[in-house]
Amino acid sequence: MTLLNNKPRRPRFERVAIVDRFDIPLLAAVAALLGIGILLVYAATRDWFASFGGDPEYYLKRHALNIIIGLLLAFGTTLIDYRLLRAYTPFLWAAAVLGLIAVLIPGIGATVNGARAWIALPGGLQIQPAELAKIAIIVGMAMVLAEKHDGYEEPQAIDVLQALAVAAIPVLLIVMQPDLGTTAIIGASVVTMIAVSGAQLRWSVGLLALAGIGAFVAIKLGVIAQYQLNRLQSFVDPTADPQSTGYQLRQARITIGSGGLFGKGLFNGPQTNGRFVPEQQTDFIFTVAGEELGFVGCAIIVALYAVILWRAFVIARRANDLFGRLVCLGVTAWFGFQIFENIGMTLGLAPMTGVPLPLLSYGGSSMFATLIGIGLLLNIRARS
Amino acid sequence: MSPLRMAQGRLRIALLMVAILFFAFFLRLIDVQAVNAKSYAERATRELTKTATLPAPRGEITDRNGHVLARSVESLDLVVDQTLINRPGRAAELVAPIIGESISYVQSRLTGNRKFVYVARDITPAQWVKIKEVIASENAAGKLSERIGGFFSERGFRRDYPEKYLAASLLGFVNSAGVGGGGMEGSLNSTLAGKDGIFTYENGGGPSIPSSRQTLVPPQPGKSVRLTIDRDLQWAAEDAINELAKQTKASSVSAVIIDTQTGEILALATAPGFDPNNFSHTKASLLKVPSVQEIYEPGSTGKVMTMAAALEEKVVTPTSVFKTPDRMKRAGKLFKDHDNHPVWQLTSTGILAKSSNVGTIKIAERMSDNTLYSYLQRFGIGDRIRLGLPAETAGILNPVEKWSSSTFPTVAFGQSYSVNTIQATSVFATIANSGVRVTPTLIAGTSDASGHYTPSMRPETRRVISADVAKQLSVMMESVTQEGGTATRAAIPGYRVAGKTGTAQRYDGSCGCYRGYTSSFIGFAPADQPHFAMSVTVQNPVGIHWGGYLGGPVFKSVISYALKKYRVPPSGVEFKPFPLDKAGLKAAALTETSPSANQPDNR
């Protein structure tokens, strides 16, 4: 005992203090979901790839790599004081806007499932600038809304308009892709941030009304592509388009339902192994959990998301300044709405949109953006 | 209110909204996974589980020594559901080079609304794997809406006849639905076919899920059938009659070889033949087995039965002399020999050797209608043999009550009743087998999938004439192949050959009249120790139509080969013929003390 006590103490690093102040329940929930996600992505793709002689671990390996890169990005995000992040925000925003413009240029942008949302890079890599834009918009708007009057005065009309301009340019570019799911998520973040910034309530109400009118006009003018209408229509009546969209939704429901209370067991879902649900490793990853892990597994996943959102609220409430709080709530609204869109879609509670499920779905850009978002939350928590 | 505090209030509203949202998720999950789980699970099972048939392999048909004549070969067919093909042009570009077809052809097979279309028959498993690969990689790169689906492989069996034309009409064929037709394939279909099994499998959006296959009812392979046919004799017979069919432009030629001791049919050849591997363009008439399906009036070959009856009834001896003019009136009708000749003094043997109709009628007239009829019956005329071939005929032998006054003389020389080739050959095999008829057989036995062999039932045997009479008749029939007989071309050096020619007018059903000829030669060898009986029957020859002239050489070449193959030793005992006429009889009496009046000594 004495020997041990006499051991020389290791010098403490300054940085360790930040890591020590990380939010443990948040970290645990994120880690649990990432772990579950690895298993689900593998379960969704291994038989499919094996069936035509591909590498069954193809998606598993890439997914793991995405997570590692995402974790490094998240850790990097926590290193700099979030208040200093403002300095980088214009660059981030400009990069996102340039990416969104590039996507629309034929030859650079790749069209996947009807949307021109991807930049194809050499080596088969693809990045989705819209994911990056979420962070740029959240941090950018928080900066504009909080910078001048931080804590002492509610934002004035000019600030709100400036903040909306920050959001509007990338959002318009995303609408042009068109990617309605991401637009809705960003919209949710924008309305939430303006609402909790203390700005007049009429701004929030007005924005919601604008969204409604905008959607109506878009449909009338035919800006919205046919496939998007099909998706909305299938939400109302799943038999309307049984071969594609309706089929996906029906299959998703059947797959989740057939799991029952305790599921078929990991890797044992016949619907999943038979690849009845398209895009199961990305947008429909929740159906894998539904079939193989059952109600218990789904409930645990939903509960883990609840933990993340709860911790995000707690961090927002404890934030020292309006900027930190707005960033937190922007991220929270983003996560919350994206989870709602995705799980809601598979359960038939929301219309079909092609958005991934944060932390679970396969997809590099989404994974990076989500983990950077988590990094922002940890950063703000550690410095409050 | 400060912005921060106001924000706190709005924060709570947001928190409440999120809480409601998550609560809704839980409710919905309970609804889907607990309350309605059963119905979803049932729907999943329904769309997941499919049943299909497991084709059973068809049994083999082999010759008597196990040489395979017909077999089942595993095959894989490429099938598409046209309604699932998204981009037929692109799909054709991908698949055509793999199966070695033109892109335009494949595209035409892929385009349309049919759910089951064959694109290629009998592809290799490697080709199928390649097709799956190229489509999967195309789909992995492309958009969801442009995925190519609808390609399937159908596993099954293809019938293969490794000897091609050999015994084709006897074997028959198997159609694309796997049902046998024609010869043995048709009549033994239920034995050969086996029973298809059933399996269920879990079917994914694309391929069936590996390891999900469950056999519910295992397929029962068909039984294999062993024929009494000897492949080599069959080949020799076909080779010879194909040549004959070409030379004579006959509508058909058939040859039958029977093992005289066992009754087993060693060859059953038909010309012209066809290739059962590719029979779709074959004329329907060629798919028949004329040896058992076609009947004809035997003509002169039938005279041996009249002679056998007369000898057995002891109304004549081989040397009984008859005054034989070339024509004679009976029942108001004129009966003629085939050549004009002066009045001959022929012995019974001479009548048979020269094939005189008049002489044969005179011999028959020493017996009653019923006696003659009963001998024909005992030789198997009018009785279906039941070889196991389809549409086998019994021939026609009217009962005596139905005979008209001219029937008896006609029957005596082999007309007014009809037989098939096997029945006709069996008459000679009976005489060769010392007068005991062994019912001809074609199926030696069957073996099941585990190789257990069940021989066919032993054929029925019955004595028709005594051994002594059979021997006498055999010697008499040897004169037919000797100088002065009608079938000298059938003689085989070193072996004694007995036989009888036949040239009958042929009844043509299409005009209801007699038109053309049935020319035949039936014989057996060696006459002193018989082993093989063989018939060669030519229907509708153009030009020369004498049975001995046409059939003799075929008999000679095929039986020479058979004797060699079966290592039958040459005849050791010299042939002592009965005299053919009164003059010969006197000469014999002068040179030798008393040989021919009594039983000839042939030992």
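Below, chains carry the letters A, B, ... as their sequence lines are ordered, and counting in each starts from 1.
- The side chain to side chain contact (heavy atoms under 4.5 Å, CB included) check on B:Thr124 picks up B:Ala126, B:Gln127, with sequence neighbours excluded.
- Neither the backbone nor the side chain of A:Phe262 comes within contact range of chain B, judged by heavy atoms closer than 4.5 Å.
- With contacts defined as side-chain heavy-atom distances shorter than 4.5 Å, the pair B:Phe25/A:Tyr305 does not qualify.
- Of the two parts of A:Ile254, the backbone and the side chain both hold a non-hydrogen atom closer than 4.5 Å to a non-hydrogen atom of chain B.
- Within the 4.5 Å cutoff, side-chain heavy atoms of B:Val18 are placed close to those of A:Phe313.
- Taking non-hydrogen atoms and a 4.5 Å limit, the residue list of residues 33-41 of chain B in contact with chain A, ordered by number, reads B:Gln33, B:Ala34, B:Ala37, B:Tyr40, B:Ala41.
- Contacts between A:Ile339 and chain B at a heavy-atom distance below 4.5 Å involve backbone atoms as well as side-chain atoms.
- Counting heavy-atom pairs closer than 4.5 Å to chain B, the top residue among A:Gly290, A:Ser258, A:Ser204 is A:Ser258.
- Looking at B:Leu21, only its side chain comes within 4.5 Å of chain A, counting heavy atoms on both sides.
- For the atom pair A:Cys298 SG and B:Ile30 CD1, the distance stands at 11.5 Å (nearest 0.5 Å).
- Atom CZ of B:Phe23 is surrounded by 12 or fewer heavy atoms from other residues, nucleotides or ligands within 6.0 Å.
- The side-chain heavy atoms of A:Arg253 and B:Arg43, taken from C-beta on, include no pair separated by under 4.5 Å.
- Here B:Leu15 contributes atom CG and A:Thr332 contributes atom OG1; the two are 10.0 Å apart, rounded to the nearest 0.5 Å.
- Rounding to the nearest 0.5 Å places CZ of B:Phe26 at 6.5 Å from CZ of A:Phe295.
- Ranked by non-hydrogen atom pairs under 4.5 Å with chain B, the options A:Thr272, A:Thr192, A:Ile256, A:Thr255 are led by A:Ile256.
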